[in-house]
There are 2 protein chains.
Amino acid sequence: MPKKRILPYVLLGLINNKGSLSGYQISQEFKHEVGDFWHASHSQIYPELARMKEDGWLIDHDEDKSTFYNVTEMGHQVLRDWMQEPLTDNEEIFSLKLYFIKEQSDPLLEDLLKQELKIKQTKLEYLQGRLKEVFSDKKTIQENFGHYLILTRAIERESNHIQWIEDKL
Amino acid sequence: MPKKRILPYVLLGLINNKGSLSGYQISQEFKHEVGDFWHASHSQIYPELARMKEDGWLIDHDEDKSTFYNVTEMGHQVLRDWMQEPLTDNEEIFSLKLYFIKEQSDPLLEDLLKQELKIKQTKLEYLQGRLKEVFSDKKTIQENFGHYLILTRAIERESNHIQWIEDKL
DNA sequence: CGAATCATGTAATGCGTTACATGATTAG
DNA sequence: CTAATCATGTAACGCATTACATGATTCG
């Protein structure tokens, strides 16, 4: 099976948030706000928008020399479905989905945090297992110091993330 | 200019660490140790090794029905140069380079940590700036709660990373 | 009036993934 | 003896980046 594409959902989410956006505005968004979490160039955006329109996820209207897109009912459904798809070990998607949540009261918020918590806990356990497995003695640590460092760093990173999520829940 | 490729340097680093590796062994490495930080499939590895051999970075010899590769003097130079290239805002490359450092006494270790520290400090400042800029009032926070969350998360993440580096230095 | 920005598009290129393929050896 | 693993390769496909291209408008 081909790898799941993310761009269309990002576009859907962005247009949904703002109500209506042109291709140019979207490419500007990527230079600011969203740019911290995701990026796409205009040569990806324009054809993608055209495809999404053909698929019935968007409708367009011309205005002010720009083509603006709005999310259709079908598009809303597609976006909702994507938002509710289970998370995988991919922090970018977690960030994006969070980004698309507007209200603190949105029940999806807690759901996302809980999902991410579980994923990160599993990862933490895995990394801790690796540490024990690979670096059982001091000699191995000394002879693979960089590897040791980066593995312990990864563990601390996940711990920090878990703490943060637990804090928010 | 085309985007800098990383795979050849990863292969160089791996072969250098182990002394001698076959394509198959490398693809196995990606399923274990290195797999936590980088991945490549065999259909990338084999042609890449062939190219690197042609470029004079590697020499091969057949043994036990496998083709083993060793790093040439030229390859060592290329690897050293790459290891010393300034870091960019790319944690994967930082991890990889650390992974390739064997001895705690390697002067490159401190250099890498210091470089990464600077990059992360810059990023932290940038993110803190964004926070102030975008979320100046409570209303904005309430109306873009997910964005607020993920931005504060990113800030904490960078802070944690900086603390870790300072701890190691 | 010339440079920058707005606004949209297509083409070329490269990299990575998946799939297709094949032969040898080993383990159950 | 047959399934899994060893071991290497190529082909097809998709996606992203860069470059090429064009016309309108705005700002200095």
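Keep in mind that what you see is a predicted model, and the values were worked out from it rather than measured. The sequence lines fix the lettering, A, B, ..., with proteins before strands; numbering per chain opens at 1.
When only modelled atom types and interatomic distance are considered, A:Lys65 and A:Tyr24 share no side-chain donor-acceptor pair under 3.5 Å. Side-chain contact annotation: B:Asn160 with B:Glu156, donor-acceptor N/O pair under 3.5 Å absent.
Residues B:Arg5 and A:Ser66 both approach DNA chain C. Their nearest nucleotides, taken by heavy-atom distance, put A:Ser66 toward the 5′ side. Judged by closest nucleotide on DNA chain C, B:Glu48 is the one of B:Glu48 and B:Lys65 placed further toward the 5' end.
The side chain of B:Tyr46 places an N or O atom within less than 4.0 Å of a non-bridging phosphate oxygen (OP1 or OP2) of D:dT8. Considering only side-chain N and O atoms, B:Gln44 lies under 4.0 angstrom from the phosphate OP1 or OP2 of C:dT17. Dashed line: the shortest gap from a side-chain N or O of A:Ser41 to OP1 or OP2 of D:dA16 is not under 4.0 Å. Side-chain N/O atoms of B:Lys3 include none lying less than 4.0 angstrom from OP1 or OP2 on D:dA16.
Residue B:Ser43 places a side-chain atom within donor-acceptor reach of the base of C:dT18, judged by atom type and a 3.5 Å distance cut-off alone.
Distance A:Gln28 CD to C:dA7 P: 8 Å, rounded to the nearest Å. Atoms CD1 (B:Ile26) and C1' (D:dA7) sit 13 Å apart, rounded to a whole Å. Spacing between atom CD1 of A:Ile45 and atom P of D:dT18 amounts to 14 Å, rounded to whole angstrom units. Taking atom CG on B:Leu21 and atom P on D:dT8, their separation rounds to 11 Å, with Å as the unit. In this structure, CD1 of B:Ile6 is placed 17 Å from P of C:dG14, rounded to the nearest angstrom. Rounded to a whole Å, the NZ atom of A:Lys4 is 17 Å from the C1' atom of C:dT17. Taking atom NZ of residue B:Lys53 and atom P of nucleotide D:dT8, one finds them 13 Å apart after rounding to whole Å. When rounded to the nearest whole Å, the span between CG of A:Asp64 and C1' of C:dT5 equals 15 Å.
With D:dT5, C:dG9, C:dA19 as the candidates, the nucleotide lying closest to the side chain of B:Tyr24 is D:dT5. Relative to the side chain of A:Leu7, the nucleotides D:dG9, C:dT8, D:dA16 differ in distance, and D:dA16 lies closest.
Between A:Phe30 and A:His42, the distance separating the two ring centers is not shorter than 6.0 angstrom. Proximity of the aromatic rings of B:His147 and B:Phe135 is defined here by a centroid distance below 6.0 angstrom, and this criterion is met.
Ion pairing between a basic and an acidic side chain is recognised when a charged N comes within 4.0 Å of a carboxylate O; B:Glu48 and B:Arg51 show such pairing.
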